[in-house]
Novice: 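So that we are looking at the same thing, I have put the structure below in structure tokens.
For reference, positions follow the sequence shown, starting with 1.
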Amino acid sequence: MEHDEQVRRWRLVLGGTENDGTAYSLNKTDLQIDKTLEALYDSTKRGGLGPSSPNVSRWLGDIRNYFPSSVVQVMQQDALKRLNLTQMLFEKEMLENVETDVHLVATLMTLSRVIPEKTKDTARLVVKKVVDELMKKLAQPTQQAINGSLNRSTRNHRPRHHEINWHLTIQKNLRHYQSDYKTIIPETLIGYGRRRSALKEVVLCLDQSGSMGTSVVYSGIFGAVMASIPALKTQMVVFDTAVADLTEELNDPVDLLFGVQLGGGTDINAALKYCSQIISRPTDTVLVLVTDLMEGGDEMGMRKRFVELHAAGMQVIVLLALNDEGAPGYDQENAQFLAGLGIPVFACSPDQFPDMMAMALSKQDVAQWAAKENIVLKK
């Protein structure tokens, strides 16, 4: 049976043409699967799945029936690239049938300027579905990791009565439990301390070039989560050849993502100049720059600004990617220059980002944390 399954899969891969060679007969269901694969991957029959064809909607439904969600997402991306089906996203009925994921959101962000009005509401619903799923997955670990690091930095071991954190105080003194009196002797008091309205500042600065699409999606989600933490002052800046401040959109990640215009050039120098102007407390600030470091503007000016920000005591982190796909192509010389300054440069997955921010906000060594996570720093 294992042999038969292997032959069946090879038959589906090879397509049943004269190059097949398996002599395997497909059942009725497998024949339908074969047709869906043929429509996408048989280059001689591309005309059967054009952007104006009603078969596209049926095909989208078929692949959802026959393949798991992860495979459907790959096939949709292949369809957009191989068959130039970008136009299908302009049709409300077709957009309703696609499998939602961060790649689709990145594509919709790229097309946001040209999507027809009749389709924009559906596009927003697609983006909202992905955003809601990511918020549900990422919000709690992010808030927990960051709040934990901020709480540790503000504990007061000589608190006044109204400043006592009773939960932590009891935990700390459990060993002093007196069974005769059924009580705990609190030898060590732990308090919240006096907090300022914002203990730390975070600036997320995002490259809008096309290759950064999924990284921008995740960055927008994390920006919205951090903006909900009172002890953080979070700001969001995006750039291509111009710079835009989207901080006011952080309360609605869907609006924020639709405000991003993927594509265009890259002026990191201009973005760093703007960021330096909006930061009020450099030594209490973490600047996370998400970019491939391929500067299209003033490269020497960019390097000079990195030096100035680092010298001012600001913690600067450069993420070549913030997604599950690893680092794309990047400028190795600029990465080496930053490594020489002690600025960490690496690709980070969404699952790793909360812990990374917790390390940075508590002023721990991010490079050392990356080594423990088996993340390779670019040098």
Side-chain angles (χ1 to χ4, degrees), residues 134-135 137-156 168 190 192-193 195-196 198-207 215 218-237 250 272 275 279-291 293 306 309-327 330 335 338-379:
L134 290 175
M135 288 287 284
K137 174 186 176 183
L138 301 173
Q140 184 176 352
T142 303
Q143 292 169 338
Q144 186 174 347
I146 292 175
N147 278 324
S149 68
L150 293 175
N151 286 341
R152 284 191 295 274
S153 68
T154 59
R155 286 179 190 170
N156 177 6
L168 291 178
I190 299 175
Y192 292 106
R195 299 185 180 185
R196 290 171 288 183
L199 288 168
K200 300 283 185 178
E201 295 186 23
V202 174
V203 178
L204 285 173
C205 186
L206 314 179
D207 186 340
S215 296
Y218 281 115
S219 299
I221 302 299
F222 282 120
V225 172
M226 289 191 291
S228 70
I229 299 175
L232 285 182
K233 177 184 178 183
T234 304
Q235 301 181 84
M236 174 78 74
V237 176
L250 283 172
L272 292 177
C275 289
I279 292 168
S280 59
R281 293 181 288 142
T283 56
D284 287 327
T285 298
V286 178
L287 170 62
V288 180
L289 178 65
V290 185
T291 180
L293 291 174
F306 273 120
L309 293 171
H310 186 63
M314 189 182 307
Q315 189 157 11
V316 182
I317 299 168
V318 175
L319 299 183
L320 300 172
L322 178 52
N323 55 37
D324 290 310
E325 300 147 37
Y330 65 95
L338 295 178
L341 293 177
I343 294 175
V345 180
F346 57 96
C348 181
S349 75
D351 289 338
Q352 294 165 327
F353 185 83
D355 286 341
M356 184 212 75
M357 285 304 304
M359 292 294 107
L361 289 166
S362 58
K363 295 192 174 182
Q364 297 185 54
D365 191 332
V366 172
Q368 193 175 55
W369 166 85
K372 291 180 180 178
E373 294 288 316
N374 295 318
I375 295 173
V376 179
L377 296 181
K378 306 305 178 183
K379 300 179 180 179

Novice: CD of Gln315 to CG of Leu309: how many Å apart, nearest 0.5 Å?
Specialist: 12.5 Å
Novice: Is any side-chain heavy atom of Leu287 closer than 4.5 Å to one of Leu272?
Specialist: yes
Novice: With a 4.5 Å heavy-atom cut-off, do Asp351 and Lys137 have their side chains touching?
Specialist: yes
Novice: For Ser215, enumerate each residue passing the side chain to side chain donor-acceptor pair (under 3.5 Å) test, keeping only those at least two apart in sequence or located in another chain.
Specialist: Asn323
Novice: Answer yes or no: is there a donor N or O on one side and an acceptor on the other, between the side chain of His310 and the main chain of Ile343, under 3.5 Å?
Specialist: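 No: the side chain of His310 does not pair with the backbone of Ile343.
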Novice: Go through Asp365 and Met359 one step at a time and tell me if the side chain to side chain contact (heavy atoms under 4.5 Å, CB included) criterion holds.
Specialist: CA-CA 7 Å; Asp365 191 332; Met359 292 294 107; over 6 Å; no
Novice: Output all residues satisfying ring-ring contact (aromatic ring centres under 6.0 Å, His included) with Tyr218, sequence neighbours left out; order by chain, then residue number.
Specialist: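 So Tyr218 forms no ring-ring contact (aromatic ring centres under 6.0 Å, His included) with any residue.
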Novice: Roughly how far, to the nearest 0.5 Å, is CD1 of Ile317 from SG of Cys205?
Specialist: 13.5 Å
Novice: First locate atom CG of Leu289, then atom SG of Cys275, and finally report the distance between them rounded to the nearest 0.5 Å.
Specialist: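 With rounding to 0.5 Å, CG (Leu289) is 7.5 Å from SG (Cys275).
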Novice: Nearest 0.5 Å, what's the OG-NZ distance between Ser362 and Lys200?
Specialist: 8.0 Å
Novice: Just jot down the side chain to side chain donor-acceptor pair (under 3.5 Å) partners of Gln352, sequence neighbours excluded, or say none.
Specialist: Ser349
Novice: With rounding to the nearest 0.5 Å, note down the distance linking OG1 in Thr285 to CD in Gln235.
Specialist: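 Output value for this atom pair is 8.5 Å.
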Novice: Report the C-alpha distance between Leu338 and Val316 in whole Å, list the side-chain angles of each, state the deciding distance to 0.1 Å, and finish with yes or no for side chain to side chain contact (heavy atoms under 4.5 Å, CB included).
Specialist: CA-CA 10 Å; Leu338 295 178; Val316 182; over 6 Å; no
Novice: Check the pair Leu361, Leu232 against side chain to side chain contact (heavy atoms under 4.5 Å, CB included), reporting the backbone distance first and the verdict last.
Specialist: CA-CA 10 Å; Leu361 289 166; Leu232 285 182; 3.9 Å; yes
Novice: If you look at every heavy atom in Leu250 and Gly223, which pair is closest and at what distance?
Specialist: CD2-C, 3.6 Å
Novice: Measure from the side-chain N and O atoms of Lys363 to the backbone N and O of Thr283, and report whether any donor-acceptor pair falls under 3.5 Å.
Specialist: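 A pair under 3.5 Å: yes.
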Novice: Could you walk me through whether Leu322 and Leu206 pass the side chain to side chain contact (heavy atoms under 4.5 Å, CB included) test, one step at a time?
Specialist: CA-CA 10 Å; Leu322 178 52; Leu206 314 179; over 6 Å; no
Novice: Mind listing the closest non-hydrogen atom pair of Ala370 and Leu377 along with its distance?
Specialist: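 So the minimum-distance heavy-atom pair works out to CB-CD2, 3.9 Å.
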Novice: With rounding to the nearest 0.5 Å, note down the distance linking CG in Leu319 to CE in Met356.
Specialist: 5.0 Å
Novice: In chain order, what residues pass the side chain to side chain donor-acceptor pair (under 3.5 Å) check against Ser280, with sequence neighbours excluded?
Specialist: Glu201
Novice: Taking all non-hydrogen atoms of both residues into account, name the closest pair between Ser219 and Val290 and its distance.
Specialist: OG-CG2, 3.8 Å
Novice: Side chain to side chain contact (heavy atoms under 4.5 Å, CB included) with Pro354: which residues, sequence neighbours excluded?
Specialist: Thr142, Ala145, Phe222
Novice: Minimum heavy-atom separation for Val376 and Phe346, please, with both atom names.
Specialist: O-CB, 3.8 Å
Novice: Where is the tightest heavy-atom contact between Pro282 and Ala312, given as atom of each residue plus distance?
Specialist: CB-O, 3.6 Å
Novice: Test of understanding: with side chain to side chain donor-acceptor pair (under 3.5 Å), list the residues that count as partners of Thr291, not counting sequence neighbours.
Specialist: Asp207
Novice: Looking only at heavy atoms, what is the nearest atom pair of Pro344 and Val366, with distance?
Specialist: CG-CG1, 4.3 Å
